[in-house]
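Bear in mind that the values here come from a model prediction, so they are computed numbers and not experimental data. These numbers come from the heavy atoms of this one structure, side chains and all, not from hydrogens, waters or symmetry mates. All residue numbers refer to positions in the sequence shown, counting from 1.
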Amino acid sequence: MWFELQDLAIEHIIMVAISMLIAAGIAIPTAIWLTRRAAWHRWVLGFANILQTIPSLALFGFLIPIPFIGGIGKRTAIIALVLYALLPILRNTLVGIMGVDAAVRESAVAMGMTPRQVLWQVELPLAARTILAGLRVATVTTVGTATIAAAIGAGGLGVFIFRGIASVDSGQILAGAVPAALMAILADEGLGWIERRFAPA
């Protein structure tokens, strides 16, 4: 059981890491684009909000029959996890950049900075703490949601949980739930340390 737990924990970590990388790669550039197009805020955030309201098991089920992206296994699970992780990253990035003091932005422009330089040297550094907070929330949520991925054959610590439910074995349930909870706590603490270490106060 110990070796199986190790394998499933590694599967879980990889699934969460891939999902978070893809979600951040989509949400952060989209949020930056939205800061320059206020008219789109309502529509894009509304779509992300709708995705959050869909029950996780239902979303996995909806994705399975979709050609090319659906099916049983990790691919479908990762797509679902990415969709769930978008909102906190998107919203926090948008709030962080939009919250930069207009006077600071104007001073940067007055110094001759281009829009790209203002973004990379002023807005993103000042918004870093808020962006990282969104990543923390998304990561912790994704660690928990990823346990449901076992229902569609994606592996991870949810295998123990579903096996325990099927056999009414609380030991099996705890074998999946406790490591997942510890993983979420470690992810939160680790990203919190990065937030405090690298983000300006």
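Residues L51 and L87 are not in side-chain contact: their nearest non-hydrogen atoms beyond the backbone lie 4.5 Å or more apart. In this structure, I72 and T76 have side chains that are not in contact, with every pair of non-hydrogen atoms separated by 4.5 Å or more. Counting heavy atoms from C-beta outward, L135 and I89 have side chains that approach closer than 4.5 Å. For the pair L90 and I28, the minimum side-chain heavy-atom distance is 4.5 Å or more. Residues V16 and M20 meet the side-chain proximity criterion, which asks for heavy atoms closer than 4.5 Å. Considering only heavy atoms from C-beta on, R36 comes within 4.5 Å of L119 through its side chain. A heavy-atom distance below 4.5 Å is found between the side chains of L63 and I66. V159 places none of its side-chain heavy atoms less than 4.5 Å from the side chain of T147.
One finds the CD1 atom of I161 at 12.5 Å from the CG atom of D169 (value rounded to the nearest 0.5 Å). The CZ atom of R136 lies 5.0 Å from the CD atom of E195; values are rounded to the nearest 0.5 Å. Atom CG of L83 sits about 8.0 Å away from atom CD1 of I54, to the nearest 0.5 Å. A distance of 12.0 Å separates CG in L174 from CZ in F160, rounded to the nearest 0.5 Å. Between the CE atom of M111 and the CD atom of Q121 there is a distance of 9.0 Å, given to the nearest 0.5 Å. The OG atom of S170 sits 11.5 Å away from atom CD1 of I165, with the distance rounded to the nearest 0.5 Å.
Taking each heavy atom of F60 and I152 in turn, the nearest pair found is CD2-CD1, 3.7 Å. The shortest non-hydrogen separation linking T142 to A85 is OG1-CB, 3.9 Å. Between I97 and A127, the shortest heavy-atom distance links the atoms N-CB, 3.6 Å. The two residues A77 and M15 have their closest heavy-atom pair at CB-SD, 4.0 Å. Residue A184 comes nearest to V140 through the heavy atom pair O-CG2, 3.7 Å, listed as atom of the first residue, atom of the second, then distance. Residue L59 comes nearest to A80 through the heavy atom pair CD2-O, 4.0 Å, listed as atom of the first residue, atom of the second, then distance.
Checked by atom type and distance alone, the side chain of E189 never pairs as donor or acceptor with a backbone atom of L186 at under 3.5 Å. Listed for the H12 side chain is no donor-acceptor partner under 3.5 Å among the backbone atoms of A180. Looking at T53, its side chain does come within 3.5 Å of a backbone N or O of I50 through a donor-acceptor pair. Between the side chain of N49 and the backbone N or O of L45, at least one donor-acceptor pair lies under 3.5 Å. Remark: side-chain polar atoms of N92 are not paired, donor with acceptor, to backbone N or O of I131 under 3.5 angstrom. Using modelled atom types, no side-chain atom of Q172 and backbone atom of G164 make a donor-acceptor pair closer than 3.5 Å. The main-chain N or O of Y84 is found under 3.5 Å from a side-chain atom of Q52 such that the two form a donor-acceptor pair.
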Using the rule given for side chain to side chain contact (heavy atoms under 4.5 Å, CB included), can you reason through V104 versus V122, listing the C-alpha separation, both sets of side-chain angles and the distance that settles it, and then say yes or no?
CA-CA 8 Å; V104 174; V122 178; 3.6 Å; yes
Stepwise, does the side chain to side chain contact (heavy atoms under 4.5 Å, CB included) test hold for M98 with H41?
CA-CA 12 Å; M98 296 294 287; H41 287 191; 4.0 Å; yes
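Hydrophobic clustering (ILVMFWY, side-chain heavy atoms < 4.5 Å, transitive): L191 and I185 are in distinct clusters. Placement of L81 and I79 within a single hydrophobic cluster is found when ILVMFWY residues are connected by side-chain heavy-atom separations under 4.5 Å, directly or transitively. Under a hydrophobic-cluster definition in which Ile, Leu, Val, Met, Phe, Trp and Tyr are linked whenever side-chain heavy atoms come within less than 4.5 Å, directly or via other members, L8 and M183 are assigned to the same cluster. Each of I26 and W40 belongs to its own hydrophobic cluster when Ile, Leu, Val, Met, Phe, Trp and Tyr are linked at side-chain heavy-atom distances under 4.5 angstrom. Hydrophobic clustering of Ile, Leu, Val, Met, Phe, Trp and Tyr side chains at less than 4.5 Å, counting indirect connections, unites L86 with I22.
Summarising the local packing, CH2 of W120 is surrounded by 12 or fewer heavy atoms from other residues, nucleotides or ligands at distances under 6.0 Å. Atom CZ of R116 sits in a sparse spot, with 12 or fewer heavy atoms from other residues, nucleotides or ligands closer than 6.0 Å. The neighbour count for R42 CZ, taken as heavy atoms of other residues, nucleotides or ligands under 6.0 Å away, does not exceed 12. Atom CG of L57 is surrounded by 12 or fewer heavy atoms from other residues, nucleotides or ligands within 6.0 Å.
Between E4 and R163 there is a salt bridge, with a side-chain nitrogen of the basic residue lying less than 4.0 Å from a carboxylate oxygen of the acidic one.
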